[in-house]
2 protein chains.
Amino acid sequence: MLPSYDKELQSHGCKVTPQRSLILDILHESLAHTMTADEIVGLAREQQPNISAGTVYRNLNTLCELGLLKCLDSVGDGRHYELNTGHHHHLVCLGCRQRVAIDFCPMNSEVRDLAEKSGFAVEDHNFEIKGYCTKCRAGAKRSPDTNGGMI
Amino acid sequence: MLPSYDKELQSHGCKVTPQRSLILDILHESLAHTMTADEIVGLAREQQPNISAGTVYRNLNTLCELGLLKCLDSVGDGRHYELNTGHHHHLVCLGCRQRVAIDFCPMNSEVRDLAEKSGFAVEDHNFEIKGYCTKCRAGAKRSPDTNGGMI
DNA sequence: CTCAATGCAAAACCTTTGCATGGCG
DNA sequence: CGCCATGCAAAGGTTTTGCATTGAG
């Protein structure tokens, strides 16, 4: 079943609008991978044809601030969004740009100490493995340099 | 001393122009941290006032393709460039957006196997630790949410 | 009712691109 | 001298913003 985010929204003094719920539903449908703002606008318009891109962008930012979403960025394909569920990292396909969640996390007290030894106050971290998914592997072998070093 | 990149450029059938050398010199000056295209344009204009932004962008892309530069991306501050010296990762300051190199690398055969077990052909990886550098720590404590969840 | 959220359109960014000119090899 | 690289300006793509209107609480 679809969890409702109404309570989280309201507890932040945030109104529950059809647009907001729709965005959260769309991201819930694709829990396994991330989406760009543009993809979200596209899917949202299937159900609510005149939802404005401005509204989607504004809501993505709002929902990130509330901590309901996470925003990822990586060379070559703009920002990606996902529901902020359990902590995880991603496999990023350099072909189709899809991000798929993985459970492995490299962060531990040792690494943290290393960073803090240089006066750095650690808040978060990010780990991504880049490569080619099963579907894109064939194409990748043909032209390994297609991506112009923008790995 | 400044290493000259002339040979690398020439060996790729690439002309050595003042603009190209200047960009490489600027990035060599800041080996410890990365720079945005815009910062590079600014510094370049101090020495060559009418260098065009288009030229800088074109060269940054060219030099990435040649493998002389590395391009990094991260939420909240666009692309960053650095000389492609030894493999390393970064501490990213959420205050001043500075990226500082660290030596620790989480990648090993175990992690690689994990990714490849799901049919993924691993090509590269990226690890960054986000937080606040010594200079920005005070400010961070005052307003932890300034960055709108865009960690 | 009130104030936040929306739709629309314009603007603000950042990056790329077309074209004529200049300069490296 | 030929062709790549440059400067300039225009265009492209993405994200933000201003403003009047709508609608959730």
Side-chain angles (χ1 to χ4, degrees), chain A residues 4-24 34-42 44-45 47-66 68-69 71-81 97 147-150, chain B residues 4-24 34-42 44-45 47-66 68-69 71-81 97 147-150:
Chain A
S4 158
Y5 293 92
D6 295 6
K7 281 159 207 155
E8 274 100 327
L9 290 174
Q10 288 166 339
S11 72
H12 288 278
C14 202
K15 290 183 179 174
V16 178
T17 66
Q19 291 84 346
R20 238 160 234 175
S21 304
L22 179 52
I23 290 169
L24 289 166
T34 64
M35 304 183 84
T36 63
D38 198 52
E39 287 167 343
I40 296 167
V41 171
R45 289 210 166 126
Q47 297 190 48
Q48 203 175 309
N50 49 358
I51 190 174
S52 131
T55 297
V56 173
Y57 277 100
R58 251 183 305 231
N59 275 317
L60 290 172
N61 285 338
T62 306
L63 297 172
C64 280
E65 282 164 33
L66 300 190
L68 288 183
L69 302 187
C71 176
L72 315 161
D73 213 339
S74 202
V75 173
D77 195 33
R79 293 180 184 171
H80 277 237
Y81 295 87
R97 294 288 159 189
N147 203 36
M150 291 297 198
Chain B
S4 158
Y5 293 93
D6 295 6
K7 282 160 206 156
E8 274 99 328
L9 291 173
Q10 288 167 339
S11 73
H12 283 92
C14 203
K15 291 183 179 173
V16 178
T17 66
Q19 291 84 347
R20 237 160 234 173
S21 304
L22 179 53
I23 290 170
L24 289 165
T34 63
M35 303 185 84
T36 63
D38 198 52
E39 286 167 341
I40 296 167
V41 171
R45 289 210 165 124
Q47 297 190 47
Q48 202 174 310
N50 50 358
I51 190 173
S52 131
T55 296
V56 173
Y57 277 101
R58 250 184 304 231
N59 276 316
L60 289 173
N61 286 338
T62 305
L63 297 172
C64 280
E65 282 164 33
L66 300 190
L68 288 183
L69 301 186
C71 175
L72 314 161
D73 214 340
S74 203
V75 172
D77 195 33
R79 293 180 183 169
H80 277 238
Y81 295 87
R97 292 288 160 189
N147 202 35
M150 291 296 199

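So that the names make sense, note that chain A is the first sequence line, chain B the second, and so on, each numbered from 1.
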| query | Under 4.0 Å: is that the gap between some side-chain N or O of A:Arg20 and OP1 or OP2 of C:dA5? | reply | yes
| task | Decide yes or no for A:Ile51 and A:Arg45: does some side-chain heavy atom of the first lie under 4.5 Å from some side-chain heavy atom of the second? | result | yes
| said: Measuring to OP1 and OP2 of C:dG7, would you say a side-chain N or O of A:Thr55 lies under 4.0 angstrom away? | reply: yes
| Short side-chain N/O contact from A:Thr17 to OP1 or OP2 of C:dA4, under 4.0 Å | no
| note | Rounded to whole Å, OH of A:Tyr81 lies from P of D:dT15 at a distance of 6 Å
| Rounded to the nearest 0.5 Å, how far apart are OG1 of B:Thr34 and CZ of B:Arg97? | 11.0 Å
| message | Is there a side-chain contact between A:Lys15 and A:Arg20 in this structure, where contact means two heavy atoms from C-beta onward sitting under 4.5 Å apart? | response | yes
| said: In this structure, how many angstroms lie between the P atom of C:dT16 and the CD atom of B:Glu65, rounded? | reply: 10 Å
| said: Wobble G-U and Watson-Crick pairs count when both distances are under 3.5 Å; given that, what is the 5' to 3' dot-bracket string of DNA chain C, with | for pairing to other strands? | reply: |||||||||||||||||||||||||
| request: Could you check how far OH of A:Tyr5 sits from C1' of D:dA24, rounded to whole Å? | output: 21 Å
| Hey, is the side chain of A:Gln19 poking within less than 4.0 Å of OP1 or OP2 on C:dG7, counting only N and O atoms? | yes
| task | Check whether any side-chain nitrogen or oxygen of B:Asn59 sits under 4.0 Å from OP1 or OP2 of D:dT6, and answer yes or no. | result | yes
| query | So which heavy atom on A:Asp73 is nearest to which on A:Gly78, and how close? | reply | OD1-O, 3.1 Å
| request: Report yes if the side chains of A:Asn59 and A:Leu24 come closer than 4.5 Å at any heavy-atom pair, otherwise no. | output: no
| query | So, is B:Arg79 near the phosphate of C:dC13, with a side-chain N or O under 4.0 Å from OP1 or OP2? | reply | no
| note | When rounded to whole Å, the CG to P distance for the pair B:Leu22 and D:dG7 reads 10 Å
| How many Å lie between CG on B:Asp77 and P on D:dT15, as a whole number? | 15 Å
| 4.5 Å side-chain heavy-atom contact, B:Leu63 and B:Leu9 | yes
| task | Please check the phosphate of C:dT16 (OP1 and OP2 only) for any side-chain N or O of B:Tyr57 closer than 4.0 Å. | result | no
| Given side chains that start at C-beta, do those of A:Ile40 and A:Tyr57 come closer than 4.5 Å, heavy atoms only? | no
| remark: From CD1 of B:Ile51 across to P of D:dT6 the rounded distance in Å is 8 Å
| task | Tell me which of B:Cys14 and B:Gly54 sits closer to the 5' end of DNA chain C, going by the nucleotide each one is nearest to. | result | B:Gly54
| task | Take the protein atom CG of A:Asn50 and the nucleotide atom P of C:dT6, then report the distance between them rounded to whole Å. | result | 13 Å
| Distance below 4.0 Å between B:Asn61 side-chain N/O and C:dT15 OP1 or OP2 | no
| Could you state the CZ-P distance from B:Arg58 to C:dG18, rounded to the nearest angstrom? | 10 Å
